[in-house]
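All remarks here apply to the structure that follows.
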There are 2 protein chains.
Amino acid sequence: MNYDDAKMKFVSTWGSLGSLWGINKAMAQIQALLFISIKPLSMEDIMADLHISRGNTSMNLRQLMDWGIVTKEIIPGERKEYFTTEKDVQELARIIAKERSRREIQPVIKVLKEVSSITDDGTEKTKELIKQTKALHDLTQTADDMINKLVNQKQNWITKSVLKLFK
Amino acid sequence: MNYDDAKMKFVSTWGSLGSLWGINKAMAQIQALLFISIKPLSMEDIMADLHISRGNTSMNLRQLMDWGIVTKEIIPGERKEYFTTEKDVQELARIIAKERSRREIQPVIKVLKEVSSITDDGTEKTKELIKQTKALHDLTQTADDMINKLVNQKQNWITKSVLKLFK
DNA sequence: ATAAACTTTCAATAATTATTGAAAGTTTAA
DNA sequence: TTAAACTTTCAATAATTATTGAAAGTTTAT
């Protein structure tokens with residue numbers, strides 16, 4: 001496999017994986033492109049490489065910046081804006097996990113807490129609803145805590161040492 | 001909040017959360033409904049409660065069974081089929097994590113390995129592609145291992161003890 | 001102040017994904 | 001074997017989500 005094939009394969013795989021980390025295809029592809037680029041890219045560069053429109057590129061770059069994954073780079077003497085992505089995978093994972101937690105997990109935890117806190121009217125179905133949503137709340141909360149704590153460790157040794165525990 | 005409101009809120013929240021664990025809305029809602037039900041439900045029950053068609057119910061129940069989350073229950077003397085879901089959240093999490101790993105993470109790991117194994121032609125861009133996809137491969141692999149190992153522990157004490165490590 | 005170079009916005013459209021409903025299929029009871 | 005009771009399938013349709021492209025907006029240089 002040559003460079004161009006490998007690049008294409010990586011970009012499109014990462015793109016279709018977007019759903020796994022909760023973003024759309026174009027957004028994931030732009031990030032992938034920047035991730036393996038050796039220099040900042042302009043909107044033109046991205047449009048040409050990915051064959052997507054200017055509007056699409058602009059909107060998705062903005063979203064990536066909102067996530068804190070991509071930043072504008074000003075190149076002196078250049079009129080165009082250039083973009084780069086976080087290049088360190090650990091840091092990337094940290095940002096993504098934090099954002100997903102904030103955007104998706106926290107709201108669900110809130111609802112689960114609410115639902116599991118209704119007053120017990122003594123009926124079996126109410127008891128079951130409370131019991132099950134409480135269990136889900138605890139699990140979600142625990143998982144969320146773990147993800148955040150794991151991902152906040154900047155050093156890799158923690159990951160390794162935890163892994164050892166389970167080997 | 002009364003029982004019916006709480007039930008509705010839970011079912012619809014869990015439904016819209018479907019995307020987070022990679023399944024569609026109806027599928028997640030059916031699972032949610034079964035999860036808080038005190039007895040197995042028939043297709044009719046589910047259709048009526050969720051206001052969805054017979055075809056939709058049938059297809060999504062089949063998918064939930066493929067995932068291994070829902071099972072058919074034969075009730076003696078009854079002609080209809082009844083359905084139940086796994087009620088233990090830990091076990092539920094185990095099944096879901098395992099399936100997602102198998103369906104989505106493994107294929108990506110495979111591609112990352114492939115791409116990061118192209119022959120180094122000495123150019124800077126190839127070096128960068130190899131370096132970055134390798135880093136992504138390692139991270140994804142480590143995360144996948146951790147998820148699987150954590151989730152395979154049936155007892156909750158492991159989770160608690162890991163958590164303590166990071167407090 | 002003007003115009004060129006560039007970016008953003010957003011209504012229209014395309015692509016994708018979910019849902020329906022009715023016909024075909026299956027199982028059970030008599 | 002027939003018919004009633006039930007489930008599955010799948011082409012048509014609806015709903016949702018992503019993408020385009022051109023007009024409007026912004027910035028910079030002269």
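These values consider heavy atoms only, across backbone and side chains, with no hydrogens, waters or symmetry-generated copies. Proteins come first, then strands; the chains are lettered A, B, ... in the order of their sequence lines, and each starts at number 1.
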Side chain of [X] - closest among [options]:
X: B/Lys72; options: D/dT19, C/dT9, D/dT8; answer: D/dT8
X: B/Glu81; options: D/dT7, C/dT8, C/dT20; answer: D/dT7
X: A/Met43; options: D/dT20, C/dT20, C/dT8; answer: C/dT8
X: B/Met59; options: D/dT8, D/dT20, D/dT9; answer: D/dT9

Any Lys/Arg nitrogen of [X] or [Y] sitting under 4.0 Å from an Asp/Glu carboxylate oxygen of the other?
X: A/Glu44; Y: A/Lys80; answer: no
X: B/Lys127; Y: B/Glu124; answer: no
X: B/Arg102; Y: B/Glu99; answer: yes

What integer distance in Å separates [X]:[atom1] from [N]:[atom2]?
X: B/Met47; N: D/dA5; atom1: CE; atom2: C1'; answer: 14 Å
X: B/Lys25; N: D/dT16; atom1: NZ; atom2: P; answer: 7 Å
X: A/Glu44; N: C/dT8; atom1: CD; atom2: P; answer: 13 Å
X: A/Asn60; N: C/dT7; atom1: CG; atom2: P; answer: 15 Å
X: B/Leu41; N: D/dT7; atom1: CG; atom2: P; answer: 13 Å
X: B/Ile30; N: D/dT7; atom1: CD1; atom2: P; answer: 13 Å
X: A/Leu50; N: D/dT19; atom1: CG; atom2: P; answer: 10 Å
X: A/Leu61; N: C/dT9; atom1: CG; atom2: P; answer: 13 Å

(message) Heavy-atom nearest nucleotide on DNA chain D for A/His51 versus A/Arg79: which residue maps closer to 5'?
(response) A/His51
(request) Select from A/Gly55 and B/Lys80 the residue whose nearest nucleotide in DNA chain D is closer to the 5' end of that strand. (result) B/Lys80
(request) Check every strand shown and say whether B/Asn24 touches a base, only sugar-phosphate, or nothing at a heavy-atom separation below 4.0 Å. (result) sugar-phosphate
Need the pair for [N]. Rule: Watson-Crick or G-U wobble, both distances under 3.5 Å, any strand; none if unpaired.
N: D/dT28; result: C/dA3
N: D/dA22; result: C/dT9
N: D/dT16; result: C/dA15

(message) Any donor-acceptor pair under 3.5 Å linking the side-chain atoms of A/Gln29 with those of A/Trp14?
(response) no
(request) Return no unless some side-chain N or O of A/Arg54 is found under 4.0 Å from OP1 or OP2 of D/dA22. (result) no
(message) Is A/Ser58 close enough to C/dT8 that one of its side-chain N or O atoms is under 4.0 Å from OP1 or OP2 there?
(response) yes
(message) Whether the side chain of B/Thr85 engages the backbone of B/Ile69 through a donor-acceptor N/O pair (distance < 3.5 Å, no angle test) should be reported.
(response) yes
